[in-house]
Amino acid sequence: MNAELDPIPVITIDGPSASGKGTVAERVASALGFHFLDSGALYRLTALSAMKHGVALDDEAGVAALAAGLPATFGDGAVRLADEDVTDAIRAEAVGEGASKVAALPAVRAALLERQRAYRQPPGLVADGRDMGTVVFADAATKVFLTASAEARAERRYKQLIEKGNSASLSALVADMQARDARDTARSVAPLKPAPDALLLDTTHMDIESAVQAVLAHYASRDGRQQGI
Ligand code: C5P
């Protein structure tokens, strides 16, 4: 693909929960001055909205209708649902669990598709999720699949929870992580898997800054070459 056919570059960063991809994606976006899409937040907002409206998480048509009209806004470091600040609420473990359930419903994924594609605005986009490189931006020139062992990811989540003053059990977190990975990988629609043309980055023994540099170098080698940089 050349720059004329791909005028707005997209860097897709997919991977399992707590692989560090959210932080890496945000830092890459800020280094390049690109927009940032946290697609997981849209699934979390959909689950939270269903919980608030008393819609069952397996009611595919009901949840898809909520997803299609989600009154969500992002800005100033806050996520809002209608007028309510839900920045912290969407990060709750129960909402993450709910997100993973509604994300397995094809009609919900379809309802969120165009909304995600609308983030592709100049000068470029960094998109973080599970199916950014395989489905939503399958034509992106730069794709990364970020992983880390379930134990390393559980440990990172454990540290975050303890730092925020929550109690947590490491073994329960490893089990949760494995259950969520299994559900995300096994679902029939847009399963979690690397795009064939994705760079695989295992961050089990890598810090965030090294991962950011690896993604930037990969982008420079692919898109930079195309744009004559
Ligand atoms: O990335 P995050 O943990 O916020 O995502 C919450 C859930 O949303 C994931 O466990 C996954 O099931 C789902 N998701 C998805 N496709 C995406 C992003 C998130 O299915 N592109």
Side-chain angles (χ1 to χ4, degrees), residues 10-26 28-29 35-51 57-58 60 63-64 66-67 70 72 74 78-79 81 86-120 125-138 140 143-148 150 152-154 156-158 160-161 173-195 198 203 211:
V10 182
I11 300 176
T12 62
I13 305 189
D14 290 305
S17 332
S19 56
K21 67 191 161 51
T23 312
V24 171
E26 256 189 299
V28 168
H35 300 280
F36 169 58
L37 166 63
D38 172 4
S39 61
L42 294 175
Y43 289 95
R44 287 172 181 269
L45 283 160
T46 301
L48 182 66
S49 181
M51 290 165 172
L57 296 179
D58 60 356
E60 183 162 5
V63 180
L66 287 175
L70 214 54
F74 297 82
V79 184
L81 198 52
V86 293
T87 317
D88 292 332
I90 60 164
R91 295 295 148 201
E93 286 301 310
V95 176
E97 273 290 302
S100 157
K101 287 183 184 146
V102 300
L105 306 173
V108 171
R109 303 199 75 85
L112 292 176
L113 194 58
E114 287 314 314
R115 185 174 196 135
Q116 295 173 83
R117 289 190 174 143
Y119 278 80
R120 190 175 196 164
L125 174 70
V126 181
D128 157 12
R130 303 293 189 291
D131 62 340
M132 300 294 99
T134 50
V135 177
V136 181
F137 303 106
K143 300 180 184 179
V144 177
F145 193 82
L146 217 76
T147 53
R153 291 184 284 120
R156 290 173 193 169
R157 184 60 51 85
Y158 179 79
Q160 283 172 356
L161 288 169
L173 284 170
V174 175
D176 284 355
M177 209 66 81
Q178 286 166 338
R180 195 175 311 175
D181 289 355
R183 190 161 47 226
D184 288 350
T185 310
R187 70 180 176 221
S188 58
V189 53
L192 172 66
K193 64 164 190 230
T203 67

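Indexing begins at 1, ligand by ligand and atom by atom, following the structure's order.
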- Item | Distance-only N or O hit between ligand 1 and S39, under 3.5 Å | yes
- Query: Atom CZ of R130 and atom OG of S100: how far apart are they, to the nearest 0.5 Å?
  - Reply: 8.0 Å
- Query: Relative to the heavy atoms of A103, which atoms of ligand 1 are at a distance of less than 4.0 Å?
  - Reply: 12 (O), 13 (C), 20 (O)
- Task: Provide the number and element of each atom of ligand 1 under 4.0 Å from a heavy atom of R44.
- Result: 2 (P), 3 (O), 4 (O), 6 (C)
- Note on the structure: Quick look: R187 vs ligand 1, heavy-atom contacts under 4.0 Å, and the answer is side chain
- Query: Hey, are the side chains of R157 and D176 touching, using non-hydrogen atoms and a 4.5 Å cut-off?
  - Reply: no
- Message: Using 0.5 Å steps for rounding, measure from the CG atom of D14 to the CG atom of D128.
- Response: 8.0 Å
- Message: Show the atoms of ligand 1 that are less than 4.0 angstrom away from any heavy atom in K21.
- Response: 1 (O)
- Item | Close side-chain approach of F74 and L42, heavy atoms under 4.5 Å | yes
- Answer yes when R153 and D181 have at least one side-chain N-carboxylate O distance shorter than 4.0 Å, and no when they do not. yes
- Which atoms of ligand 1 have any heavy atom of D184 under 4.0 Å away? 9 (C), 10 (O), 11 (C), 12 (O)
- Atoms of ligand 1, numbered as shown, that sit under 4.0 Å from any heavy atom of M132: 21 (N)
- Message: With heavy-atom distances below 4.0 Å as the criterion, list the atoms of ligand 1 near A99.
- Response: 6 (C), 7 (C), 8 (O)
Please set out all donor-acceptor pairs under 3.5 angstrom arising from side-chain atoms of residues 88-98, sequence neighbours excluded.
residue	atom	partner	partner atom	Å
R91	NH2	D38	OD2	3.0
E97	OE1	R183	NH2	3.3

